[in-house]
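Beneath this line is the structure, given in C-alpha cells, with notes to follow.
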Amino acid sequence: MAAQCVTKVELTIACTNLLDKDVGSKSDPLCVLLQNTSGQQWYEVDRTERIKNSLNPKFSKKFLIDYYFELVQKLQFGIYDIDNKTIELSDDDFLGEFECTLGQIVSSKTLTKPLVLKNGRPAGKGSITITAEEVKDNRVVLFEVEARKLDNKDFFGKSDPYLEFHKQTADGNWVMVHRTEVIKNNLNPVWRPFKISLNSLCYTDMDKPIKVECYDYDSDGSHDVIGSFQTTMSKLKEASRSSPVEFECINEKKRQKKKNYKNSGIVSVKHCEIIVECTFLDYIMGGCQLNFTVGIDFTGSNGDPRSPDSLHYLSPDGVNEYLTAIWSVGMVIQDYDTDKMFPVFGFGAQIPPSYQVSHEFPINFNPSNPFCNGIQGIVDAYRACLPQVRLYGPTNFSPIINHVARFAAAATQQQTASQYFILLIITDGVITDLDQTRTAIVNASKLPMSIIIVGVGGADFDAMEFLDGDNGVLRSSSGEPAVRDIVQFVPFRKFQNSPKEALAQCVLAEIPQQVVNYFSTFKLQPPKNPAAK
C-alpha cells in the first residue's frame, strides 16, 4: 500500500454573535475540538485559550491536525462559556457546536457555518469560521550534475557510474536520500536532471553537511566506490551553468595507498536551484475540483440479481459489494466536489427499450443528464436500474475510460489545475477488451485523471493486476508507455472483514500523489494559487 499522504493542517477558529450566558458581562468562550475515530467515539484533540468578555472571539491558539486524504475525518467544534477553573466542560455553559469533516474544511479553505445546540436548533445567531492552512516546507532542490575523468573500475569496458546523496542525522549517521540512474560504460557521465526535497536533503539547514558518493554499478550487487566528497547546500546553490561548482571525488583507500594520488574524477554541479512545489492541498485549497465518475459491471458473470449468490443481489438490508465499494470511496471523494453531482454508467448489459447491449449507459437512463445527486443518489439509481436491465456481456472497460477521458481532455483547455477526474470501475472479473483498455489507459495517463478498479467476487484478477502498473510501466498494444501510473486495483475480498474505511484508505492512498504528479509535470497552477503568497 502506498505511503499515506499525511500532512499537518493548522485550523484557526473565530466566532460571531455567540449566546451571552453571563449576567453583567459577556461570555468568556473557548473552543474545544473533538475528533471521531469511527463509530460514535469522540475524543478531545485540543482546546483554544479562553477569551474574556467576548461574543465575537478570534482565538489565537491554532489546532494542528494530521490530514489524510483517504479517510473521512469527522470533527466537532464545541464552544463553551468558561466561568471556573475546572478542566471538565460539563459544569460550563454550552454556547453551540458545529460538526463537519476535515475534507470539507480543506476543500473550502475557509468555512463559516451556524452553531447549533445539542437538540439541533440554532444557537441564536452564533456562527463559527474555520480557516485551514497546510503546515509545510515544500521547497525542493533541482539538480543537474555531471562528472569527468572518473576512475575505471571495470576490467572489460568502462565504469557504470551512479551517485548517491546522503544527509546526516542528529546522531551523526548518514542516511541516503537520493540515488541517480546508472550510466553505462562512461567515465564522463551526464545524469538526468533530478530533484530532492530540501527537508530530505539537509533538514532545510543550508550549512548541514551533505555527503555525495560515486559508485560503479555491478549487476551482482557488489558496487565499487569510485569516490566521495562532502558539501553543504550553501555551497551547492552557488552553481550555475556558466560557472559550475566542482568537487574532487576522493577515494580514501586509494589516497592512503598512493603517494601522488590526486582524485578519482571530478563531479560538476551545473545547476542547483531551490523552488517551491505545490502540494496536494495547495491544489485543493486553490480551487481544484475532484470529479467522481462510477462505472458498474452489469455482465452476466455476476449472476442473476434475484439469486442470493449473485454479486448484484441486494441483501435484506439493501447492500452488496458493489454498493459497499461505492459508499466507501464516494464518502471520501464527495467532500472535494462542490456540486456533488456524480455521473454513473453501467456496462455489459442489454438495456431497455430495445435491449441492445451497451458498454456505457447512464444507470438513470438519462443520456443528457447522467448525474446522480450525492452518494445516496447513486445508490438509489443503482437499485432502480437493476430490475430493468438484462445482464449480458462482454466486459469492456475502454468505452467508459474513453468517456471520462473526453471530459478530462476538455478540462485541459483551461490551462490551470482546476479539475481532476477520478473514475471508479467496479467489476466482477475477466476483462474482454484488454488491448483497447491498455491503449485507453495510456492515453488517459496524459490527462488529469486516475482510475480505481475494485474487483468484486472470487474471480481471477490477474489482468487487473497487470493494468495497475506497480510492477513496471503499462504499455499500449502498440508499445507506447504510460506517462504515469494512474490505475489502482484492489480485490474487494481483501477487505471483506475489515472496517468499512479500509477499502477507501487503500484505493485512495495514491490519489494525492497522482494529482500532484500530473499538475506539476504540466506546470499547471491552482486557479487561486495559495502557494504564490
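By convention here, the first residue in the shown sequence is residue 1. Just so you know, these numbers use all the heavy atoms, side chains as well, and skip hydrogens, waters and symmetry mates.
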Salt bridge between Glu321 and Arg493, side-chain N to carboxylate O under 4.0 Å?
no
Using the ring pair (Phe, Tyr, Trp, His ring centres under 6.0 Å) criterion, which residues pair with Phe489? Sequence neighbours excluded.
Phe461
Considering residues, nucleotides and ligands other than Lys52, do more than 12 of their heavy atoms fall under 6.0 Å from its NZ?
no
Closer than 3.5 angstrom, by distance alone: can the side chain of Thr110 be matched with the main-chain N or O of Thr131 as a donor-acceptor pair?
no
Counting only N and O atoms by type, is there a donor-acceptor contact under 3.5 Å from the side chain of Arg139 to the main-chain atoms of Thr204?
no
Salt bridge check, Lys62 against Glu133: does any charged N sit closer than 4.0 Å to a carboxylate O?
no
Cut-off 3.5 Å, side chains only: do Asp91 and Thr86 have a donor facing an acceptor?
yes
Reference residue Asp81; test side-chain contact (heavy atoms from CB on, under 4.5 Å); the match among Arg50, Lys26, Lys21
Lys21
NZ on Lys74 to CG on Leu102, rounded to 0.5 Å
13.5 Å
If only atom types and distance count, is the side chain of Ser445 paired as donor or acceptor with the main-chain N or O of Val483 below 3.5 Å?
yes
Can a salt bridge be assigned to the pair Asp46 and Lys61 using a cut-off of 4.0 Å between side-chain N and carboxylate O?
yes
The criterion is ring pair (Phe, Tyr, Trp, His ring centres under 6.0 Å); which residues satisfy it with Phe59, sequence neighbours excluded?
none
So, the side chain of Asn56 versus the backbone of Asn17: is there a donor-acceptor pair under 3.5 Å, distance only?
yes
Do other residues, nucleotides or ligands put more than 12 heavy atoms under 6.0 Å from the NZ atom of Lys340?
yes
Check: Asp66 side chain, Lys8 main-chain N or O, donor-acceptor pair, under 3.5 Å
no
Who are the side-chain contact (heavy atoms from CB on, under 4.5 Å) partners of Thr279, not counting sequence neighbours?
Glu134, Lys136, Asn138, Leu281, Asp282
If you count the non-hydrogen atoms of other residues, nucleotides and ligands that lie under 6.0 Å from NZ in Lys523, is the total more than 12?
no
Side chains of Thr101 and Asp335: donor-acceptor distance under 3.5 Å anywhere?
yes
Ile378/Trp327 under side chain to side chain contact (heavy atoms under 4.5 Å, CB included): CA gap, chis, key distance, verdict:
CA-CA 9 Å; Ile378 301 179; Trp327 267 118; over 6 Å; no
Identified side-chain contact (heavy atoms from CB on, under 4.5 Å) counterpart of Leu75 within the set Ile130, Ile105, Leu34, Asn36:
Ile105
Relative to the ring of Tyr336, is the ring of Phe280 parallel (under 30°), tilted (30 to 60°) or perpendicular (over 60°)?
tilted
From Ile326 atom CD1 to Leu503 atom CG, the distance as rounded to the nearest 0.5 Å:
11.5 Å
Greater than 12 external heavy atoms within 6.0 Å of Arg406's CZ:
yes
Would you call the rings of Phe342 and Phe292 parallel, tilted or perpendicular, where under 30° means parallel and over 60° means perpendicular?
perpendicular
Any side-chain to backbone donor/acceptor pair from Gln73 onto Tyr68? Under 3.5 Å, distance only.
yes
Pair Phe165 + Phe143: ring centers closer than 6.0 Å:
yes
I'd like to know whether NZ of Lys195 has more than 12 heavy-atom contacts from other residues, nucleotides or ligands below 6.0 angstrom.
no
Interatomic spacing from CD in Gln230 to NZ in Lys235 - rounded to 0.5 Å
14.5 Å
For His178, which residues count as a ring pair (Phe, Tyr, Trp, His ring centres under 6.0 Å) partner, sequence neighbours excluded?
Phe194
Step by step, work out the side chain to side chain contact (heavy atoms under 4.5 Å, CB included) result for Leu142 and Ile275.
CA-CA 7 Å; Leu142 305 182; Ile275 61 160; 4.0 Å; yes
Aromatic plane relationship, Tyr382 with Tyr322 - under 30° parallel, 30 to 60° tilted, over 60° perpendicular
parallel
Does the plane of the ring in Phe77 sit parallel, tilted or perpendicular to the ring in Phe98? Use 30° and 60° as the thresholds.
parallel
Does Ser25 use its side chain to pair, donor to acceptor, with the backbone of Asn53 at less than 3.5 Å?
no
Is it true that Ser450 and Gln488 share a donor-acceptor pair across their side chains at a distance under 3.5 Å?
no
Taking atom CD1 of Ile451 and atom CD1 of Ile401, what is their separation to the nearest 0.5 Å?
4.0 Å
The reported gap from CG in Asn364 to CG in Asn373 (rounded to nearest 0.5 angstrom) is 11.5 Å
Is a side-chain donor-acceptor pair under 3.5 Å present for Glu99 with Gln76?
yes
Arg484 side-chain N/O to Gln514 backbone N/O, donor-acceptor pair under 3.5 Å
yes
Can you list everything that forms a side-chain contact (heavy atoms from CB on, under 4.5 Å) with Gln414? Sequence neighbours excluded, please.
Ala411, Thr416, Ser418, Gln419
Run the ring pair (Phe, Tyr, Trp, His ring centres under 6.0 Å) test against Phe94 and tell me which residues pass, sequence neighbours left out.
Tyr80
Between Asp207 and Thr232, does any side-chain donor sit less than 3.5 Å from a side-chain acceptor?
no
